[in-house]
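Computation of the quantities below employed the complete heavy-atom set of this structure, encompassing side-chain atoms and omitting hydrogens, waters and symmetry-equivalent molecules.
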Amino acid sequence: MKFRYAMVCSSNQNRSMEAHSLFKREGFDVSSYGTGQHVKLPGPSLREPNVYDFGTPYKHMFDDLRRKDPELYKRNGILPMLKRNLAVKSAPQRWQENAADGSFDVVLTFEEKVFDMVIEDLHNRNHVLMKPVLVINLEVKDNHEEAAIGARLALLLCQELESFEAWEESINMCLLML
């Protein structure tokens with residue numbers, strides 16, 4: 001694969017991690033992030049979310065929710081989601097704190113608000129490399145089913161980007177031979 005990818009949603013839990021998991025299985029160079037102030041997971045009611053700091057290990061969240069109400073969090077898909085996340089990386093990361101991870105060629109966001117935050121952050125960064133980045137938003141509802149569909153669509157899009165890059169290189173090689 002030619003490009004380096006970043007998947008970004010609000011909490012680095014569902015949409016970005018579903019895409020990260022799929023891209024990783026397909027051999028892409030991929031990372032994932034969230035843009036929120038905290039990591040929020042559904043709680044027993046809308047007014048009682050489970051809130052964690054970015055960097056809190058997925059294993060800690062899994063154990064915490066399993067201790068609180070294993071049936072609820074298994075039924076609503078949160079425990080299986082955290083188990084998937086554990087297989088991909090150790091903890092959620094915040095986009096605004098990712099400068100040490102290096103630059104990306106393509107950034108995919110899964111919500112307009114997240115797209116706006118990524119663009120704002122990129123504009124505010126110290127532009128040492130002056131390297132272009134393609135930022136694309138795919139509007140995906142934050143539920144398990146839509147996240148899986150969004151991840152597959154993102155993969156198809158990025159496979160097209162990869163094949164276009166390969167096609168462009170072959171054309172350039174042919175031109176060099178002329």
Side-chain angles (χ1 to χ4, degrees), residues 1 3-111 113-118 120-122 124-125 135 137-138 140-152 154-155 158:
M1 304 296 162
F3 296 128
R4 185 152 188 258
Y5 295 89
M7 305 294 143
V8 189
C9 69
S10 184
S11 288
N12 197 202
Q13 289 288 342
N14 187 27
R15 296 166 292 180
S16 62
M17 285 302 293
E18 181 71 32
H20 189 159
S21 177
L22 179 60
F23 275 62
K24 185 177 175 182
R25 282 193 312 269
E26 293 292 325
F28 283 79
D29 182 1
V30 62
S31 297
S32 62
Y33 305 92
T35 57
Q37 291 297 318
H38 300 283
V39 174
K40 292 182 184 176
L41 292 171
S45 74
L46 287 175
R47 286 188 229 139
E48 301 175 85
N50 292 287
V51 180
Y52 302 95
D53 291 327
F54 278 94
T56 301
Y58 291 118
K59 175 84 167 102
H60 172 80
M61 294 177 209
F62 182 88
D63 292 341
D64 184 42
L65 297 180
R66 189 171 57 183
R67 187 180 34 60
K68 286 180 179 177
D69 190 340
E71 288 308 311
L72 169 67
Y73 295 113
K74 188 175 183 181
R75 188 174 59 250
N76 70 8
I78 300 299
L79 290 179
M81 178 187 74
L82 289 169
K83 199 169 188 178
R84 177 211 54 215
N85 294 356
L86 270 164
V88 175
K89 65 183 194 178
S90 62
Q93 296 169 274
R94 192 161 184 257
W95 169 263
Q96 294 88 332
E97 298 161 6
N98 82 346
D101 294 349
S103 63
F104 295 95
D105 301 297
V106 180
V107 177
L108 279 106
T109 63
F110 297 95
E111 182 179 346
K113 173 180 76 170
V114 172
F115 174 85
D116 292 341
M117 292 176 83
V118 166
E120 181 181 344
D121 179 69
L122 289 171
N124 291 331
R125 287 189 182 192
V135 183
N137 183 58
L138 299 174
V140 176
K141 288 183 182 171
D142 194 5
N143 64 55
H144 302 297
E145 297 77 23
E146 295 293 325
I149 292 167
R152 286 192 300 274
L155 177 64
C158 292

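The backbone N or O of Thr35 sits less than 3.5 Å from a side-chain atom of Gln96, completing a donor-acceptor pair. Remark: side-chain polar atoms of Arg15 are not paired, donor with acceptor, to backbone N or O of Gly150 under 3.5 angstrom. In this structure, Asn143 contributes its side chain and Glu146 its backbone to a donor-acceptor pair below 3.5 Å.
The environment of Glu120 atom CD is sparse: at most 12 non-hydrogen atoms of other residues, nucleotides or ligands sit within 6.0 angstrom. Counting non-hydrogen atoms of other residues, nucleotides and ligands closer than 6.0 Å to NE2 of His144 gives a total above 12. Around NZ of Lys83, the count of heavy atoms belonging to other residues, nucleotides or ligands within 6.0 Å does not exceed 12.
Using a 4.5 Å heavy-atom threshold, the side chains of Phe3 and Cys158 count as separate. Taking 4.5 Å as the limit, every side-chain heavy atom of Cys9 sits out of range of all side-chain heavy atoms of Met17. Considering only heavy atoms from C-beta on, Lys40 stays 4.5 Å or farther from Asn50 through its side chain. Looking only at side-chain heavy atoms (C-beta outward), Glu18 and Leu22 stay at 4.5 Å or farther from each other.
A distance of 11.0 Å separates OG of Ser11 from CD of Gln37, quoted to the nearest 0.5 Å. Between atom CE of residue Met7 and atom CH2 of residue Trp95 there is a gap of 10.5 Å, rounded to the nearest 0.5 Å. The distance from atom OG of Ser31 to atom OH of Tyr5, rounded to the nearest 0.5 Å, is 13.0 Å. Atoms CG and NE2, from Leu65 and His60 in turn, are 9.0 Å apart once rounded to the nearest 0.5 Å.
Taking a cutoff of 4.0 Å between a charged side-chain nitrogen and a carboxylate oxygen, Arg67 and Asp64 qualify as a salt bridge.
Remark: Lys89 is positioned above the aromatic ring of Tyr33, its terminal NZ or CZ atom under 6.0 angstrom from the ring centre and at most 45 degrees off the axis.
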key: Check against side-chain contact (heavy atoms from CB on, under 4.5 Å), Met81 and Leu41   = CA-CA 11 Å; Met81 178 187 74; Leu41 292 171; 3.6 Å; yes

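In terms of heavy-atom proximity, Glu26 sits nearest to Leu155 at CG-CD2, 3.8 Å.
For the side-chain contact (heavy atoms from CB on, under 4.5 Å) test with Gln13, the passing option among Val39, Ile78, Asp142 is Val39; the others fail. Paired with Ser32 under the rule side-chain hydrogen bond (donor to acceptor under 3.5 Å, both in side chains), one option of Asn98, Asn85, Asn12 passes, and it is Asn12.
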